[in-house]
Amino acid sequence: MQYAAQHTGTGQPMIAPSILSADFARLADEIDRVAGSDWLHVDVMDAHFVPNLTIGEPVVKSIRAATDIPLDCHLMISDPDRWAPGYATLGAHNVTFHVEAAGDPVQTARAIRAEGAKAGLALKPGTALEDYREVLTEFDTLLIMTVEPGFGGQAFIDAMIDKIAAARRAVDSGHLNLLVEVDGGVNAATIERAAAAGADCFVAGSAVYGADDPAQAVRALREQAAAAS
Ligand code: DX5
Ligand code: ZN
């Protein structure tokens, strides 16, 4: 919990609601419904790297102006080397891109950081952590996908628990200094396993926006994670 404690000042696990499960026609209101969240997770998809299409820079820019919650942009796009730094320029707090799509992840991380944002690297479920240990020394965030990227509402892949635990060990042993974030299928039934394995930050889309009171769902998930970690 070192990094999360530094980030939030509370030592609490971080919850990042994903607006992928929100009503896109009422986005500002939907963001208000998750007041008190640590990060707001914004899924950018290009119908190329993943078989789904969401939003891009103009909408992220408007979201940035509509909320004080730090934006956690998850870029599921081809050619992040070209596009990722732009999300940092427009004020995202954390910009995460996929290593599977990147040509030069270290250079892209440096470009994101040069614009004042944190840099994150995302790994699809089939991508091994071991292959990127050196690269990850240049990053602030590691996003471990616990579903295949592209859609909300999928089931948490339990086999990813080992990857979360390996990332935790790498941080605790001092090899890496980054926040361990998990994304996909995180809900009341799965968050404790992910927290016990050592995740710091939890993305939740359907579990938050599918609740009658999304802000309460965020608090409940945070409490569950805190109790399990
Ligand atoms: C999926 C996205 C996730 C998605 C998670 O590719 O990266 O952020 O919104 O949704 P849930 O929490 O419903 O699995
Ligand atoms: Zn995401």
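If you read the sequence from its start, that first residue is 1, and numbering goes on from there. Order of appearance sets the numbers: ligands from 1, and atoms from 1 within every ligand. Here the structure is a predicted model, which is why all the values come from computation and not from measurement. Atom set for the values below is all heavy atoms of this structure, side chains included, hydrogens, waters and symmetry mates excluded.
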Output the atom name for the N/O/S atom of Asp183 with the smallest distance to the Zn ion (ligand 2).
OD2
Of all N/O/S atoms in Asp43, which lies nearest to the Zn ion (ligand 2)?
OD1
What is the closest protein heavy atom to atom 13 (O) of ligand 1, and at what distance does it sit?
Ser206 OG, 2.5 Å
Just need the protein heavy atom nearest to atom 12 (O) of ligand 1, so name the residue and atom and give the distance.
Gly205 N, 2.8 Å
So, [X] versus [Y]: side-chain donor-acceptor pair below 3.5 Å or not?
X	Y	result
Asp43	Ser18	yes
Asn52	Thr54	no
Arg110	Gln107	no
Asp72	His74	no

Enumerate the ring pair (Phe, Tyr, Trp, His ring centres under 6.0 Å) contacts for residues 155-191, please, sequence neighbours excluded, ordered by first and then second residue.
none
Is Ala207 near ligand 1, meaning one of its heavy atoms is under 4.0 Å from it?
no
Metal-centred angle, the Zn ion (ligand 2) as apex - NE2 of His41, ND1 of His74, 10° resolution:
100°
For Met76, the ligand 1 atoms whose distance to one of its heavy atoms is below 4.0 Å
6 (O), 7 (O)
